[in-house]
2 protein chains.
Amino acid sequence: MTCSLKYAPQLRAQGLRMTPQRVAILHVLHQTGGHLSPTQVYELARKEHPSLTEPTVYRTLEELAERKFLLAAHVGSGRMVYELAENHNHHHLICRECRAEIQIEHAALEKLFGELETSSGYRFIDSHVTFFGLCPKCQKINKGD
Amino acid sequence: MTCSLKYAPQLRAQGLRMTPQRVAILHVLHQTGGHLSPTQVYELARKEHPSLTEPTVYRTLEELAERKFLLAAHVGSGRMVYELAENHNHHHLICRECRAEIQIEHAALEKLFGELETSSGYRFIDSHVTFFGLCPKCQKINKGD
DNA sequence: TATACTATTGCAACTTCTTGCAATAAGGAA
DNA sequence: TTCCTTATTGCAAGAAGTTGCAATAGTATA
Ligand SMILES: [Mn+2]
Ligand SMILES: [Mn+2]
Ligand SMILES: [Zn+2]
Ligand SMILES: [Zn+2]
């Protein structure tokens with residue numbers, strides 16, 4: 001609730017409107033805190049706003065991610081997941097085998113991003129990266145592959 | 001054609017079989033050379049093997065990627081894309097705005113991967129990463145955002 | 001070459017995601 | 001408060017991707 005009050009002026013500043021659907025969607029993302037798939041958002045937000053539809057959820061998540069209110073990520077489930085962009089300055093490292101997930105501090109990527117920015121001319125502002133690898137456990141298990 | 005002959009023994013070594021469906025799928029990936037979505041693979045491979053079905057394409061691409069014959073990547077289209085793993089030691093950098101795409105040499109990531117492997121215990125063998133950023137053109141256009 | 005084992009396929013039904021369009025409603029202006 | 005503009009929504013239809021299961025067909029073995 002409070003969270004949507006906070007976002008309302010920011011949305012309006014970009015020509016966007018604060019609808020009850022968006023209140024509900026922002027609310028579940030705020031309450032949950034972590035990554036949510038569109039379907040999860042839909043199921044949860046529908047409890048707050050029963051007339052909510054799937055196309056609205058997909059369009060809203062996409063729009064809010066484009067405007068940097070949300071971060072989108074692929075975490076290997078095949079489906080996109082979203083989270084509030086707020087206090088997030090992290091990246092993800094996920095085991096291809098068992099899905100074990102750890103966070104990577106943004107600091108660990110700063111040097112690489114700097115180098116790539118120099119050599120490519122691209123800017124990496126707001127990047128939210130997911131790496132895939134083999135976790136220590138799965139490395140042992142797979143030795144005799 | 002030649003390409004599937006090459007893969008047949010490698011598949012068998014892993015308990016997999018070389019079916020006409022797989023011949024067709026490998027063939028289009030080989031001919032095309034670049035990233036293809038499952039739907040693109042389906043449409044192209046169907047010309048070689050008309051009875052091919054979508055579930056077979058999805059399952060085959062997933063299986064072959066798991067076994068490292070293929071590389072899978074998200075390139076921002078929302079859909080997964082696949083390519084032959086063969087001579088590929090690259091990563092991708094894509095403009096969030098205009099989708100302009102450049103390749104990144106694997107060498108550019110080696111130091112970072114080394115550091116992350118040390119600090120996390122994960123191994124990054126066979127990683128195929130996609131970064132998103134803003135290309136030089138789009139940085140200029142968006143200055144007054 | 002015939003047999004047996006089981007990986008792979010196609011089918012059907014389902015879930016997830018997308019798109020065009022007309023109706024609705026947010027919120028600035030009067 | 002009322003009116004107006006147009007961003008946003010819901011609907012309906014469709015595309016993309018998934019799953020369980022019975023039938024098929026690679027391939028190892030004899
Ligand atoms: Mn995240
Ligand atoms: Mn690639
Ligand atoms: Zn693992
Ligand atoms: Zn660009």
Side-chain angles (χ1 to χ4, degrees), chain A residues 4-27 35-46 48-67 69-70 72-82 99, chain B residues 4-27 35-46 48-67 69-70 72-82 99:
Chain A
S4 51
L5 286 180
K6 188 181 86 188
Y7 284 117
Q10 304 185 48
L11 290 182
R12 272 180 229 131
Q14 304 215 24
L16 302 184
R17 296 170 183 177
M18 181 54 85
T19 65
Q21 291 86 344
R22 285 179 180 167
V23 171
I25 291 170
L26 286 167
H27 192 211
H35 293 154
L36 289 179
S37 72
T39 302
Q40 291 174 312
V41 170
Y42 174 60
E43 292 303 342
L44 292 170
R46 207 147 62 116
E48 286 184 35
H49 189 89
S51 72
L52 184 67
T53 62
E54 279 165 308
T56 295
V57 171
Y58 284 96
R59 285 189 283 228
T60 299
L61 292 173
E62 209 173 330
E63 177 81 61
L64 295 181
E66 233 161 59
R67 310 275 181 155
F69 294 106
L70 304 182
H74 286 288
V75 294
S77 61
R79 354 199 91 79
M80 192 79 100
V81 293
Y82 296 86
R99 302 279 147 211
Chain B
S4 50
L5 285 181
K6 189 181 84 189
Y7 285 116
Q10 303 185 50
L11 290 183
R12 270 181 231 131
Q14 304 216 22
L16 303 184
R17 294 168 183 179
M18 181 53 86
T19 66
Q21 291 87 343
R22 286 180 180 167
V23 171
I25 290 170
L26 286 168
H27 192 210
H35 293 154
L36 290 178
S37 71
T39 303
Q40 290 174 312
V41 170
Y42 173 61
E43 292 303 343
L44 292 170
R46 206 147 64 116
E48 286 183 36
H49 189 87
S51 72
L52 184 66
T53 61
E54 281 164 305
T56 295
V57 171
Y58 284 97
R59 286 189 281 227
T60 301
L61 293 173
E62 208 173 330
E63 177 81 61
L64 295 182
E66 231 161 61
R67 310 274 182 154
F69 294 107
L70 304 181
H74 285 288
V75 293
S77 61
R79 356 199 89 78
M80 191 78 101
V81 293
Y82 296 85
R99 302 279 146 212

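Only a predicted model underlies this, so the values are computations on that prediction, with no experimental measurement involved. Per chain, numbering begins at 1; letters A, B, ... match sequence-line order.
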**Item:** Salt-bridge contact A:Glu43-A:Arg46 (side-chain N to carboxylate O under 4.0 Å)
**Value:** yes

**Message:** Quick check: do B:Arg17 and B:Arg12 have side-chain heavy atoms less than 4.5 Å from each other?
**Reply:** no

**Request:** Look at B:Ser51 and C:dC11 and indicate whether a side-chain polar atom (N or O) is within less than 4.0 Å of OP1 or OP2.
**Result:** no

**Asked** About how many Å separate NZ of A:Lys6 and CG of A:Leu11, when rounded to the nearest 0.5 Å?
**Response** 11.5 Å

**Message:** Just so I know, are the side chains of B:Val23 and B:His49 near enough to count as touching, which here means a heavy-atom distance under 4.5 Å?
**Reply:** no

**Message:** Using whole Å, what does the distance between atom C1' of nucleotide D:dT9 and atom CD of A:Glu63 come to?
**Reply:** 13 Å

**Item:** Heavy-atom side-chain contact between A:Thr19 and A:Thr60 under 4.5 Å
**Value:** no

**Request:** Just call it for A:Gly78: base, sugar-phosphate, or nothing, with non-hydrogen atoms closer than 4.0 Å on any strand.
**Result:** nothing

**Message:** Could you check whether any side-chain heavy atom of B:Arg22 comes within less than 4.5 Å of a side-chain heavy atom of B:Phe69, counting everything from C-beta outward?
**Reply:** no

**Request:** State whether B:Thr60 places a side-chain N or O below 4.0 Å from either non-bridging phosphate oxygen (OP1 or OP2) of C:dT9.
**Result:** yes

**Asked** Is any side-chain nitrogen or oxygen of B:Gln21 closer than 4.0 Å to OP1 or OP2 of D:dA25?
**Response** no

**Complete:** In whole angstroms, the gap separating P of D:dT8 from CG of A:Leu26 amounts to 13 Å

**Item:** Distance in Å, A:Glu62 CD paired with A:Arg59 CZ, rounded so as to fall on 0.5 Å steps
**Value:** 10.0 Å

**Request:** Using a 4.0 Å cut-off on protein heavy atoms (strictly under), produce a 5'-to-3' string for nucleotides 20-30 of chain C with B for base contact, S for backbone-only sugar-phosphate contact, and - for none.
**Result:** BB---BBSS--

**Message:** Roughly what angle, to 10°, lies between the helix axis at the start of the helix from C:dT1-D:dA30 to C:dA30-D:dT1 and the one at its end, five pairs per end?
**Reply:** 30°

**Asked** Closest heavy-atom contact between B:Met18 and B:Ala8?
**Response** CE-N, 3.7 Å

**Value rounded to 0.5 Å, distance of CD1 in A:Ile25 from CD in A:Glu48** = 10.0 Å

**Asked** Quick one: OH on B:Tyr82 to CG on B:Leu61, what's the gap to the nearest 0.5 Å?
**Response** 5.5 Å

**Request:** Would you indicate which nucleotide in D:dT8, D:dG17, D:dG10 comes nearest to any side-chain atom of B:Arg79?
**Result:** D:dG17

**Message:** In whole Å, I'd like the distance from the CG atom of B:Leu61 to the P atom of D:dT18.
**Reply:** 10 Å

**Asked** What is the distance from CG of B:Leu52 to P of D:dT24, rounded to the nearest Å?
**Response** 18 Å

**Fill in**
Closest heavy-atom pair, B:Thr53 versus B:Tyr42, reported as atoms and distance to 0.1 Å, is C-CE1, 3.7 Å

**Request:** Ignoring backbone atoms, establish whether A:Tyr58 has a side-chain N or O less than 4.0 Å from OP1 or OP2 of C:dT18.
**Result:** no

**Message:** Expressed as a whole number of angstroms, how long is the span from B:Ile25:CD1 to C:dT9:C1'?
**Reply:** 11 Å

**Prompt:** Which sits closer to the 5' end of DNA chain C, B:Thr53 or B:Gly15, going by the nucleotide each is nearest to?
**Reply:** B:Gly15

**Request:** Look at the side-chain N and O atoms of A:Thr56 and state whether any lies under 4.0 Å from the OP1 or OP2 oxygen of D:dG10.
**Result:** yes

**Fill in**
Heavy-atom nearest pair, A:His35 first then A:Gln40, reads O-OE1, 4.1 Å

**Asked** Hey, can you pull the residues of residues 36-46 of chain A with a non-hydrogen atom under 4.0 angstrom from DNA chain D?
**Response** none

**Request:** Measure from CZ on A:Arg67 to P on D:dA7 and round the result to the nearest Å.
**Result:** 10 Å

**Asked** Between atom NE2 in A:His74 and atom P in C:dC17, what is the gap in whole Å?
**Response** 11 Å

**Asked** To the nearest Å, how far apart are A:Arg22 CZ and D:dG10 P?
**Response** 11 Å

